[in-house]
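Residue numbers count from 1 along this sequence.
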Amino acid sequence: RGDAPGDEASRQEATARLRREHPGWVIIWSARKGEDQARPLFRAPPETVAAAPAPEALTIQMDATRQRTARPRPQHT
């Protein structure tokens, strides 16, 4: 984690990009923890939070959460 102003600006830019790419989530950068945190806006278990220091890792967690909480499709027999 860098504390330089450029580092903070690039983190804010990366968080803004994540917000645009994942509208079903509330995403914040926690400078204190050095990670992005995401909470789903869709139905999920209470206290569901994805957190990771890198945007790519956060996206993987968010995708996994979405898959776990997706409603099963009706099966036709």
**Prompt:** Got a sec, which pairs hit side-chain hydrogen bond (donor to acceptor under 3.5 Å, both in side chains) with one end in residues 36-53, sequence neighbours left out?
**Reply:**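 Pairs touching residues 36-53 that pass the test: R11-D36, T15-D36, E35-Q37.
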**Message:** Under 4.5 Å side-chain heavy-atom separation, chaining through any Ile, Leu, Val, Met, Phe, Trp or Tyr, what else clusters with V49? Say none if it is isolated.
**Reply:**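 Members other than V49 - counting any ILVMFWY side chain reachable under 4.5 Å - there are none.
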**Asked** How does the hydrophobic cluster around F42 look, that is, which other residues are in it when side-chain heavy atoms under 4.5 Å mark a link?
**Response**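 In the cluster with F42 are L18, W25, I27, L58, M62.
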**Request:** Would you list the pairs meeting salt bridge (Lys or Arg N to Asp or Glu O under 4.0 Å) in which at least one residue belongs to residues 13-23, sequence neighbours left out?
**Result:**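 Residue pairs with at least one partner in residues 13-23: R17-E21.
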**Request:** Evaluate the side-chain proximity of P45 to T69: yes if any heavy-atom separation is below 4.5 Å, no if none is.
**Result:**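 A side-chain contact under 4.5 Å exists here.
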**Request:** Tell me, please, which residues at least two apart from Q61 pass side chain to side chain contact (heavy atoms under 4.5 Å, CB included).
**Result:**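 Side chain to side chain contact (heavy atoms under 4.5 Å, CB included) check on Q61 returns A50, A52.
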